[in-house]
Every structure is written in structure tokens, then in C-alpha cells.
Student: 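First, the structure itself, so that you have it in front of you.
Quick note on labels: first sequence line is chain A, next is B, and so on, each numbered from 1.
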Number of protein chains: 2
Amino acid sequence: MSRQMVRPGGRSARVQASVHAAVRELVSELGRDALTVPLVAQRAGVTPSTIYRRWGDLRELLSDVAVERLRPDTAPGDHGALSSDLTAWAEQFLDEMSSPTGRAHIRDALLGDPDGGNAGRCSAYAAGQIDVILTRATERGENTSDVETVVDHVVAPLMYRILFRPDGLDAAYARRLVEGVLGPAGR
Amino acid sequence: MSRQMVRPGGRSARVQASVHAAVRELVSELGRDALTVPLVAQRAGVTPSTIYRRWGDLRELLSDVAVERLRPDTAPGDHGALSSDLTAWAEQFLDEMSSPTGRAHIRDALLGDPDGGNAGRCSAYAAGQIDVILTRATERGENTSDVETVVDHVVAPLMYRILFRPDGLDAAYARRLVEGVLGPAGR
DNA sequence: CTGCCTAAGGCAAAGAGTTTGCGTTTGGTG
DNA sequence: CACCAAACGCAAACTCTTTGCCTTAGGCAG
């Protein structure tokens, strides 16, 4: 239902853009909890029924918007070595995701997502970033792990704690996880 | 708002029990998506406003019920060795949690949970079970990891994949995770 | 370029769920 | 036993959601 095969151009695209923009504006103005479909519709200049028909309900709409905001907008930085690349990425990931708005986006993405497609997309974003880092390391001739291992040892613990135990998370924990997967010496 | 300091006995307790029971009945009869607050209220023999005032909304109520169902009802089995105890527990955990109803409970518990209290409770359940297993191993004289390590290396990957990538999960994966944390030889 | 065809949106009424004020019941407590 | 406040029931007001019907406007074939 989300990321639907809308007609690619014209009115459909305009409506989608305007609704997404309305959601972003209203979230920052009134806070996430104050949103309602009629409110978003009014700001976007459409009728509520349009939103209900396209997205089903508010949660799916928020899920759509959340996934977009979770998409990385830039390739991970190149610091010259696998261990620093991965550490920097993990620290930034934790920082972004563990903030109140980051957590809200993750929850939204997970929630309004009957088929799990949006959650899968989030996971793919992270895996993609890690793949870039590992590929770069391989090209340097470094000895790398594979993506799945890094997902299991770094992304999963970070995400688990963000979702289930938001307390006591800091950059040092992220660094420890990266050390754990590469070996203490940076391998 | 959930797990509130309700008056421990009398009517409040009866209402809570009857509402929880109504949720469980209706979920199994009509499916989770068909639930509404008025429906639950009718079955429970209370008025909708009672539910709204005690739980806030349907999601928080479902979160409450879900957490109860995620609570382990029995101590982890004793198979005589750490590696078999942990493997059996992980396999069962994956099996229960990755089923459609298990996933639904996890999602419900996470979703209707503004302050994260319910999610923390879920995590504590798993940590408690692992602690029992590790303590037993220590008493046997086995060389054990600590709970946090097992959470990071076993629970977190399982949960991450259940939530974000529900495909391709099987008992072998759970076994591999346990081997990873104990060492391939069972340590 | 023109004219169909259909997906998508607008509108408005009907339906359903949510919120709230007020009076009553009922545990807890001195 | 008497009091107090939490919790509940009731019902009205309100908001959100759903739905049928009509109009608009992309896309596409001729």
C-alpha cells in the first residue's frame, strides 16, 4: 500500500509531494502526536479521503515519511581505514537513531507497515552503507568481514538497544561493537 | 499510563482482568485488526470511556496485553550444559517470536508504549532467562559469558531480523549465533 | 493532435470511534 | 464507621473514518 505504483508524474506526484511536505511541516510545528489526517489534508490542500484512499491511515502515511527520512543522504565518509570508517559510521548511526526523533521515525517505520516492506527498506539502507564501507576496505586490500556479520554484530545490537533499552547508550558502546567485529587491533 | 498504580483489589482489578480477557478472546475470535475499543468494552462489560481513561487508546491496551503474553511462563530447560541450554532457549525464542502472532505481540508491545516501559520489560524477560542459564552454567563450573554479551550476540540479532527482515530465519541461524558467542567448540 | 479510458481526487453524507462533564459507586484509610 | 478520592457509568458533543458518486486529468492508441 505504501510506495504504491502511482502514476509517476502529474497530479499524483504533486499530491504525494504536498502531503509528505505537509506531514514534515506539521510534525515540526505541532509535534508528531498532534497530527491527524484531516489536519494534514488541509495543509496539503487535499481532502481527507484522498489520503485515506492512497495511504489507508495515518500510521502508514507516517511510516512512508519516516522511511524517507531514514534513508541516508550521503555515502559513508572515507577515513582511510576500515576500522575508522566503520566506527565513524556506527557512531553517527547511533547518534541519529537514538535521538527522540530518530526513535520516533524507526517506530513509525515499523508500525505502519503491515507487510514489513518499509522495515526491510530501512534495513537495506544500513546494509547498503556497510557494503560501501566494506567494499572500499577490500579495494584497499584490507581483510574484511561480510555485511551480514557486521549487521549481526553492530547494527542489530544498536537497534535492539535503541528500541528496547534506550538508556545508557553512548558512542563508546558503538566503538566497542565495532572492535568486537573487527578484532581489538582493528584486525 | 500502562502498568498503572491501580487500586490493587476490588473493582479496578476486576475491570482490568475482564478487559484483558476480552482482548485475548476477541483477538483469537476476530483477529487483531478487527478490534476496536467499543468492541472490547462491550465484551468486557464496561463502557468505552473506562478503557480510554485507564489505557489512553487501543494501542496502549494491546501493548499491555502483549507484554503479558511475552512473559516467559517457565524457566529455561536444563540440558546439562551451557551450550545446549542456550541453543535450546534461542531456538525456542526464535520460534515463538518469529511466528506471526509473536511478531504481532512484539510490535504491539513496542508500539503502544510512549515511555518505553513495556519494551524494557520485554528485554528484561529475555535477560532474566539468559541470566538463569548463565548462573546455572557458573554453578556447574562452566566458563560463561555475561548476560550483556549474550544479549548483544544472540537476542539482538534475532530480534533485529524478526523485526526488520522476517525472511530466511531458521533454527540453524539461532544455533550459529549461540556458537558465535560461546566459541565454536562450545567453549 | 485528438479522443477515449481509467486511475485518482473532490465533495458530502453516513457511520464509527473518541472525548468529556457530571453524577454515582466503591476501595482504601484515619 | 465515616470520609475521601479514585474509578466507573452514562450520555452528549465532537472528531475522525468510510463510502458512493461525480469530476478531473494522466496516459495511450489511433
Student: Could you state the atom-to-atom distance from CG of B/Asp33 to P of C/dG17 in whole Å?
Tutor: 14 Å
Student: Roughly, in whole Å, what's the span from CG in A/Leu35 to P in D/dC16?
Tutor: 11 Å
Student: Any side-chain N or O of A/Arg54 under 4.0 Å from OP1/OP2 of C/dA7?
Tutor: no
Student: Can you find a side-chain donor-acceptor pair between A/Ser123 and B/Arg165 that sits under 3.5 Å?
Tutor: yes
Student: Any salt bridge linking B/Asp78 with B/Arg140? Criterion: basic side-chain nitrogen under 4.0 Å from a carboxylate oxygen.
Tutor: yes
Student: Let me know the distance between CD of B/Gln42 and P of C/dA16, rounded to the nearest Å.
Tutor: 13 Å
Student: How many Å lie between CG on B/Leu61 and C1' on C/dG17, as a whole number?
Tutor: 15 Å
Student: Could A/Glu29 and A/Arg43 be called an ion pair, given the rule that one side-chain N must be under 4.0 Å from one carboxylate O?
Tutor: yes
Student: If you go through the side-chain atoms of A/Arg53, does one of them form a donor-acceptor pair with the base of D/dG20 closer than 3.5 Å?
Tutor: yes
Student: Tell me whether the side-chain N or O atoms of A/Ser49 pair up with the base of C/dC11 as donor and acceptor below 3.5 Å, since no angle test is needed here.
Tutor: yes
Student: So, OP1 or OP2 of C/dC11: does either fall under 4.0 Å of a side-chain N or O from A/Thr47?
Tutor: no
Student: Are the charged groups of B/Asp152 and A/Arg161 less than 4.0 angstrom apart, N to O?
Tutor: yes
Student: Separation of A/Gln16 atom CD from D/dG26 atom C1', in whole Å?
Tutor: 16 Å
Student: Write down the distance between CG (B/Asp57) and P (C/dT20), rounded to a whole number of angstrom.
Tutor: 13 Å
Student: Looking at the side chain of B/Pro38, which of C/dG27, C/dG9, C/dG17 is the nearest nucleotide?
Tutor: C/dG17
Student: So, are A/Arg69 and A/Asp64 salt-bridged, with charged N and O less than 4.0 Å apart?
Tutor: no
Student: In terms of side-chain heavy atoms of B/Thr36, which of C/dG17, D/dG9, D/dG26 is nearest?
Tutor: C/dG17
Student: Rounded off to whole Å, could you give me the CZ-to-C1' distance for the B/Arg59 and C/dG17 pair?
Tutor: 15 Å
Student: Atom CZ of B/Arg14 and atom C1' of C/dT26: how far apart are they, to the nearest Å?
Tutor: 9 Å
Student: Tell whether B/Ser12 reaches the base of D/dC8 with its side chain through a donor-acceptor pair below 3.5 angstrom.
Tutor: no
Student: Nearest to the side chain of A/Arg11 - D/dC8, C/dG10, D/dT24?
Tutor: D/dT24
